[in-house]
Amino acid sequence: HGAQCFKYLESFPTQIVGAALGGGLYFGLIVVTQFAGVATELFLICRLVKRQLMPKKEIVILALALLIEISRMCLVDLFMLQDYFGGREYGIYRMPVQCDSAFGWTGADGINYCDDTSAYLSTTRYYVASARGAFSSDSEECTTWLQSDALLDFKTTAPTYPHPGSPRFENLGWIVGGEFALYYFFATFVNEFADCLFVVPTTTTMGWRCKIFSVALEVFQLGALAPAAIFTHGACLKYHDPLGVSLHLTSFIIAAFGYAVWGFLFFCVPLAGLGAGVLFALWLIVQSLRGLAFLCEKLKLEMMQRAVLRASNILGSGLQRFNAWARSSGETSSQAVMGLAFFPLLLSGFFLGGLVVIGQASKSSAMEVITALVLLSDVLLKVGATAMTETAEYLLHLRVRRAVDRLASEQLLDAVAAQEEPAQSNDSQEQPAAAADQPVAEAQQPVAEVIGRTGSA
């Protein structure tokens, strides 16, 4: 319907999750992808254990991660996906007015309503629902919108250059249309790929890079779940407004996120430029913090100076590491371009991921809240458990190194002492010999005196 024009919003055709392919197909693809990801992860773990390449500490972390992943699959598949892809068709309806007329209809809250036949104004409100009777005056059950809001802000002109794009996708498609199903399927695929990448042990050459990239992908895929988490896809669409962020901003980021992922190969160079701009902004922040630390030193604000220096050192070390990685991968400049291009997508994923957790936790159902905790724990476990085990291993390494240094110093002292003992024994042997020669000389002196006396006599 992208080429059609409509006079009223109510005239827009209904949209179904999954569009022409249907929600059932996407539901099946998502479930199959989840099981394939778990099977691949188990295969990789067994193969690494069989070859004795998997440290025991990482087996424990992977077992906990698998447990959380399977719990997440069960919760999502049983309580969320069936609701999302249940085949509801959402349409736009004008907000009704209460009436006592026998010609009215009963809303979801049990109140009698009549269609509003007054003139259309800028203050006219609408709701998105699977049926007209799903309306409820309770804002906790049904959200109403103005035509100027992000969901209904359809343009009066065709999407031509310099404003290309699909109005259906940018307004309602990413929430209740076929694009919503694509977002969810894409998030599932990225999540399973990240879980398989997390299996690579840190003891291998690329182990740490795989771990870091896996966690980045986990956060990235959380952002792709935003359309599902910040709305309740019931009979009437409910928006949870996480953090009070403008829906226009959220809609713009999600739409740009989708376009960038869909055409990543085409947009990688502009995205790399955007990533370089972000890094340059961080460099300016580091220089500003160092200037602020110098000013604090002049003003003798020692505590503030230490805090500012600590922050600048953290940011500066991160930039230096990224710069070192970019130079090391300079032999293939495409790696640096891809890394810079992924950076703004990662930042948008962080932003949307925060909205996902908060939006999911704000839902009324207990299972929805538990799902939010599982989504968050899936990322936190991988970050926290890996950091704790590696910190413990580093502390153990320091302890062993100190013990080795102490043992080496003791061996060195023993060697020096062993070298000094022969010298001391030689000195002790020379001293008795000299002492023995002295009485002989003393004994020879009286004999000479006696001989002298005898000669004179």
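None of the values given here were measured: they were computed from a predicted structure.
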Donor-acceptor pair between D153 and S148 side chains, under 3.5 angstrom | no

Main-chain N/O of L284 paired to Q287 side chain as donor or acceptor, under 3.5 Å | no

Distance col, row L355:CG vs L225:CG, nearest 0.5 angstrom, shows 12.0 Å

Under the criterion side-chain contact (heavy atoms from CB on, under 4.5 Å), which of V200, V49, T203 is the partner of M54?
-> V49

Do you know the tightest heavy-atom contact between Y93 and A131?
-> OH-CA, 3.7 Å

Distance col, row E192:CD vs T40:OG1, nearest 0.5 angstrom, shows 8.5 Å

How many angstroms lie between atom CG of L289 and atom CZ of R310, to the nearest 0.5 angstrom?
-> 12.5 Å

Using a 4.5 Å cut-off on heavy atoms from C-beta on, say whether the side chain of I230 contacts that of Y239.
-> yes

For C196 and L44, run side-chain contact (heavy atoms from CB on, under 4.5 Å): C-alpha distance rounded to whole Å, both residues' side-chain angles, the deciding distance at 0.1 Å, then the answer.
-> CA-CA 8 Å; C196 293; L44 291 174; 4.2 Å; yes

Look up atom CH2 in W283 and atom CZ in F280, then write down how far apart they are to the nearest 0.5 Å.
-> 6.0 Å

Apply ring pair (Phe, Tyr, Trp, His ring centres under 6.0 Å) to the pair F135 and Y113, showing each step before the final yes or no.
-> CA-CA 9 Å; F135 176 76; Y113 294 99; 5.2 Å; yes

Determine, stepwise, if the pair D195 / E218 fulfils side-chain contact (heavy atoms from CB on, under 4.5 Å).
-> CA-CA 8 Å; D195 289 336; E218 288 282 356; 2.7 Å; yes

Under 3.5 Å: donor-acceptor pair, side chain of H233, backbone of I175 | yes

Which pair of heavy atoms, one from W174 and one from S251, lies closest together, and at what distance?
-> NE1-OG, 3.6 Å

Within 45 degrees of the axis of the six-membered ring of F231 and under 6.0 Å from its centre: does K238 put its NZ or CZ there?
-> no

Taking NZ, NE, NH1 and NH2 as the nitrogens, is one of them in E10 or R132 under 4.0 Å from a carboxylate oxygen of the other?
-> no

Could you check if a side-chain atom of V176 sits within less than 4.5 angstrom of a side-chain atom of F180, using non-hydrogen atoms only?
-> no

Salt bridge (Lys or Arg N to Asp or Glu O under 4.0 Å) involving R306 - partner list, sequence neighbours excluded = none

Compare all side-chain heavy atoms of V245 with those of F351 and state whether any distance is below 4.5 angstrom.
-> yes

So do L146 and L152 actually touch side chain to side chain, heavy atoms under 4.5 Å?
-> no

Donor-acceptor side-chain pairing of E141 and S136 below 3.5 angstrom = no

Closest approach of A226 and I254, non-hydrogen atoms and distance?
-> CB-CD1, 3.9 Å

Set of residues satisfying ring-ring contact (aromatic ring centres under 6.0 Å, His included) with respect to F257, sequence neighbours excluded | F220

Looking only at heavy atoms, what is the nearest atom pair of A108 and A134, with distance?
-> CB-O, 3.6 Å

Determine whether R94 and L9 make a side-chain contact, defined as any pair of heavy atoms from C-beta on separated by less than 4.5 Å.
-> no

CD1 of I70 to CD1 of I68: how many Å apart, nearest 0.5 Å?
-> 11.0 Å

Indicate whether the side chain of E58 and that of T202 have a donor and an acceptor atom separated by less than 3.5 Å.
-> yes

Would you call F198 and K211 a side-chain contact if the rule is heavy atoms closer than 4.5 Å?
-> yes

Can we call the ring centroids of Y26 and Y184 under 6.0 Å apart?
-> no

For P96 and Y127, work out which heavy atoms get closest and say how close.
-> CD-CE2, 3.8 Å

Looking only at atom types and distance, does a side-chain atom of S246 sit under 3.5 Å from a main-chain N or O of H248, one as donor and one as acceptor?
-> yes

Side-chain donor/acceptor of D109 to backbone N/O of I111, under 3.5 Å = yes

OG1-CZ distance between T14 and R88, expressed to the nearest 0.5 angstrom | 14.0 Å

Derivation of the side-chain contact (heavy atoms from CB on, under 4.5 Å) call for L352 and I253 | CA-CA 8 Å; L352 295 175; I253 292 177; 4.0 Å; yes

Shortest non-hydrogen contact from G173 to Q15?
-> CA-OE1, 3.9 Å

Any chance CZ of F12 has more than 12 other-residue heavy atoms, nucleotides or ligands included, within less than 6.0 Å?
-> yes

Sub-4.5 Å side-chain heavy-atom contact between L66 and I45 = yes

Go through the structure and list residues passing side-chain hydrogen bond (donor to acceptor under 3.5 Å, both in side chains) with S130, not counting sequence neighbours.
-> none

Does a side-chain heavy-atom distance below 4.5 Å link L197 with F213?
-> yes

Just do the side-chain contact (heavy atoms from CB on, under 4.5 Å) check on Q147 and R125 with the steps written out, would you?
-> CA-CA 7 Å; Q147 187 173 355; R125 304 194 71 87; over 6 Å; no

Would you find a donor on one side and an acceptor on the other, under 3.5 Å apart, between the side chain of S214 and the backbone of C210?
-> no

